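Computed from a prediction, not measured in an experiment: that's the story for all the values here. Each residue takes its place number in the sequence, starting with 1.
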Amino acid sequence: MTTQAETRPSAATKPMRWAADTVATMREGARLRLDYSAQSLWSVDRMIEEIRREGAPWAAVETVLRGFGAYAGEVMARQTGAEWWASGGDHWVRTPDGRLWDPIDEARRAYAGHGSLRLLCRDAAGGTPRS
C-alpha cells in the first residue's frame, strides 16, 4: 500500500512534517482542531492575529508561523492538487497552473498585519477553494 507521503515529492517532506506538528500542537495546546480544509484557515488567521496582538517577539513565533504557513500550503496542495517545491531552504507550493505560492512567507506577512492564509488559499484555488 502506498501512502500519501510516499507519492509526494521529496520537497514536501519538511513542510508536511511542520504542518502535522502544527495540527498536533494546536489540538493539544489550543484545543483547536485543524482538518486541512480551506475553512480551517479562518481559525489559523485568527490565531496569528491573536499572537500578533499579544506582541510576541519574532524569535518566539518564527517556528509557529512556519508551521502555520506549512499547514496552509498543505491545505492548498489538497485543495488544488499543488505540489511543494524547495530551493535553498525555502519552500513554495506550485499549483497545477504553474503559479508559485509562498504560504510560509504569507504567515509571516499575516503576523505583520499584511497577509491572510485564507485569502492566499482562495487565490491559489482560483477564487473559491474547493471543500
[Y] and [X], any side-chain heavy atoms less than 4.5 Å apart:
X: Val44; Y: Tyr71; answer: yes
X: Trp92; Y: Asp105; answer: no
X: Phe68; Y: Ile104; answer: no
X: Val75; Y: Leu117; answer: no

Item to complete: Give a yes or no on whether the backbone of His114 and the side-chain of Arg109 come within a donor-acceptor separation of less than 3.5 Å.
Response: yes
Worksheet entry | side-chain contact (heavy atoms from CB on, under 4.5 Å) between Asp102 and Glu106, worked out | CA-CA 6 Å; Asp102 190 343; Glu106 189 69 12; over 6 Å; no
Worksheet entry | Evaluation steps, side-chain hydrogen bond (donor to acceptor under 3.5 Å, both in side chains), between Arg66 and Thr63 | CA-CA 5 Å; Arg66 182 186 69 190; Thr63 302; 4.9 Å; no
Discussion item. Once you measure the plane-to-plane angle for Tyr111 and Trp58, does it fall in the parallel (<30°), tilted (30-60°) or perpendicular (>60°) bin?
Written reply: tilted
Least distance between heavy atoms, [X] atom then [Y] atom:
X: Glu28; Y: Arg31; answer: O-NH1, 3.4 Å
X: Leu119; Y: Ser116; answer: N-OG, 3.1 Å
X: Pro103; Y: Leu120; answer: CA-CD2, 3.6 Å
X: Gly67; Y: Thr22; answer: CA-OG1, 3.0 Å
X: Pro15; Y: His91; answer: CG-CD2, 3.4 Å

How long is the straight-line distance from [atom2] of [Y] back to [atom1] of [X], given to the nearest 0.5 Å?
X: Asp45; Y: Met47; atom1: CG; atom2: CE; result: 11.5 Å
X: Trp18; Y: Thr13; atom1: CH2; atom2: OG1; result: 10.5 Å
X: Arg118; Y: Gln39; atom1: CZ; atom2: CD; result: 10.5 Å
X: Thr80; Y: Arg94; atom1: OG1; atom2: CZ; result: 11.5 Å
X: Leu100; Y: Asp90; atom1: CG; atom2: CG; result: 11.5 Å
X: Thr25; Y: Leu32; atom1: OG1; atom2: CG; result: 11.0 Å

Practice prompt. Determine whether Val64 and Met16 fall in the same hydrophobic cluster, where Ile, Leu, Val, Met, Phe, Trp and Tyr are linked whenever their side-chain heavy atoms lie under 4.5 Å apart.
Written response: no
Worksheet item: After noting the C-alpha distance and the side-chain angles of Met76 and Trp101, does the key distance pass the side-chain contact (heavy atoms from CB on, under 4.5 Å) rule?
Response: CA-CA 9 Å; Met76 292 167 63; Trp101 305 86; 3.4 Å; yes
Worksheet entry | Distance-only donor-acceptor check, side chains Trp84 and Glu74, under 3.5 Å | yes
Worksheet item: Is the shortest side-chain N to carboxylate O distance from Arg46 to Glu49 below 4.0 Å?
Response: no
